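Taking it in order: structure first as structure tokens, then the write-up.
Just so it is clear: chains get the letters A, B, ... in the order the sequence lines come, proteins before strands, and each one is counted from 1. Only a predicted model underlies this, so the values are computations on that prediction, with no experimental measurement involved.
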Amino acid sequence: MRSSLCLTSNLQGSNPLMAFGSGSLVWFRKGLRIHDNPALEFASKGTDFLYPVFVVDPHYMKPDPDAFSPGSSLAGLNRIRFLLESLVDLDSNLKKLGSRLLVLKGEPGEVIIRCLEQWNVKKLCFEYDTEPYYQAMDVRVKEYASAAGIEVFSPVSHTLFNPADIIQKNGGKPPLTYQSFLKLAGQPSWASCPLSITSTSLPPVGDFGNCKISEVPTVTELGYEDTGQDELTPFRGGESEALKRLRDSISDNQWVANFEKPKGDPSAFLKPATTVLSPYLKFGCLSSRYFYQCLQDIYKNVKKHTSPPVSLVGQLLWREFFYTVAFGTPNFDQMKDSRICKQIPWNNNEDLLAAWRDARTGYPWIDAIMVQLRKWGWMHHLARHCVACFLTRGDLFVHWEKGRDVFGRLLIDSDWAINNGNWLWLSCSSFFYQYNRIYSPVSFGKKYDPNGEYIRHFLPVLKDMPKEYIYEPWTAPLSIQTKAKCIVGKDYPRPVVFHDSASKECKRRMGEAYALNQKLNGLVSEQDLHSLRRKLDEDQNHDDTKAKRQRQKLIG
DNA sequence: TTTTCGTTGTTCTT
DNA sequence: AAGAACAACGAAAA
């Protein structure tokens, strides 16, 4: 039915040759690569024309002047730039194979359906995506395609495993611990045969009629002002860069074999302690399966190597773990109505949140990390732990969803499942429950970087502060502050909270919240939370008054 | 029902 | 550099 309609319209079109061929559309969203790309490979087979499409969603790309940092309403400029660089590289790699990237603009689902209406497409191919945003969009597109008689091919290639398989193996529920995930997962099904990582040539691009096709836009074309180079991330996007980075990272077999994540130095910034492949995995510039295969090849050739969870393969499996739980858990990205999330009476203090977000908590270790996040869009895993713990259960007791949003905007590797999973983890809302283990905003950084070089680099206002005071500048005598040209309270903020008392109060609140969750068997209503919050605030005021009275007694 | 174990804490002691 | 105390949760296995 549809093909005959298409034939008619093509015969009437400007290019009568189109009537004698049919095309495939490969829709890029993530998976911005040529190597190990099953959707691209399948789309290219047995077809006369290939339409490689990326849809620029203005909602994701358009400048939002109200946002707290340059960028759109959803993404910081660093990530938008990284995406554009990845698209330019994809276009250039497609051109080497005789094709090109067709860039369209609009709401992606609608645009793809319009393309399917107007072009002679027999096959629609795109990588399967487990995020709720794509799940909803893909249902609509698939419905349209099948009604129109178009074959849809949507392979799982963003992850090593199909999260749905793991969940099914576990009786319909996702595993909630890493170890149980490992047992269920085993070896990936594709691991026994080599992946397809080279492509010789691609079919020519089909006629796109009067559809508005453009080149990959520049940030300026999207409406962003030129910003200083020192404000931008040092990491460049794209498959070529990803493969180069991969080769560099794994060139030293011993380094790969001995890799242990928890032993990395979060303050290393000249040469980060990890691979920094996460942004490339996020956009699929690097295939996680290819990375996995490379690592397995190395493990085969060394005497001994580290294992999950700490090894490099272990890191890839963490990603799988969070993808699986995220896919199998309704409302994974919020506290309310989440089966796995502890109900905790977080406060709603906008001032504390803003101080954390804008790197003015008064704790140099925390603020330096937040500056690195703002400028680079990337920090070491443990650095993320420190600031996430500080914002939530450690010091400020601000809701993890607020921190999640800030990371979600500013990180170039921000990934829905992993970002939410880690915030759940660090806030002791799920997966991890040892709320007494709090990262010290002073001593944790110090043990890696006693001289405070990391702080001096990202907070130049403190660059002349002696190392004795650089983690706690408010303790420096005024003469030292003057000499360092940094007066606390004027040039650099006083601490927003005292860590000792704040963390103690946080622990108390976590303890009471846990007790309530246990008592109510996890079914904590908003009313229950509200009452607990009021009780906790009253207790705190009571304690504060008592302390004040004691202090006065001592003075008097 | 009980036991085991958990990617990456801090601080003090030896 | 390594170990103990701290305080003590939940998921999964037994």
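Here salt bridge (Lys or Arg N to Asp or Glu O under 4.0 Å) pairs that include residues 383-393 of chain A, with residues two or more places apart or in two chains, are R384(A)-D413(A). For residues 292-315 of chain A, every residue pair satisfying the salt bridge (Lys or Arg N to Asp or Glu O under 4.0 Å) rule, not counting sequence neighbours, is listed here: D297(A)-K300(A). Among pairs with a residue in residues 265-285 of chain A, none fulfils salt bridge (Lys or Arg N to Asp or Glu O under 4.0 Å), at least two apart in sequence or across chains. Annotation: salt bridge (Lys or Arg N to Asp or Glu O under 4.0 Å) contacts involving residues 325-342 of chain A, sequence neighbours excluded, are absent.
Helical stems in DNA chain B, defined as runs of 3 or more consecutive Watson-Crick or G-U wobble pairs with both donor-acceptor distances under 3.5 Å, are listed by first residue as B:1-6 with C:9-14, B:9-14 with C:1-6.
For the ring-ring contact (aromatic ring centres under 6.0 Å, His included) test, residues two or more places apart in sequence or in another chain that qualify with F407(A) are W423(A). Take W425(A) and apply the ring-ring contact (aromatic ring centres under 6.0 Å, His included) test, not counting sequence neighbours, and it matches W318(A), F432(A). Remark: Y299(A) engages H305(A) in a ring-ring contact (aromatic ring centres under 6.0 Å, His included) (not counting sequence neighbours). For F283(A), the ring-ring contact (aromatic ring centres under 6.0 Å, His included) partners two or more places apart in sequence, or in a different chain, are F82(A). Listed by chain and number, the residues in a side chain to side chain contact (heavy atoms under 4.5 Å, CB included) with R533(A) are P345(A), H530(A), D537(A) (sequence neighbours excluded).
Looking at residues 162-177 of chain A, you'll see P175(A), L176(A), T177(A) sit with a heavy atom under 4.0 Å from some atom of DNA chain C.
When distances are taken from the side chain of P309(A) to each of dT7(B), dC9(C), dA12(C), the shortest belongs to dT7(B).
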*Mark up nucleotides 9-14 of chain B, 5' to 3', with B wherever a protein heavy atom is under 4.0 angstrom from a base atom, S wherever such an atom reaches only the sugar-phosphate, and - elsewhere.*
BSS---
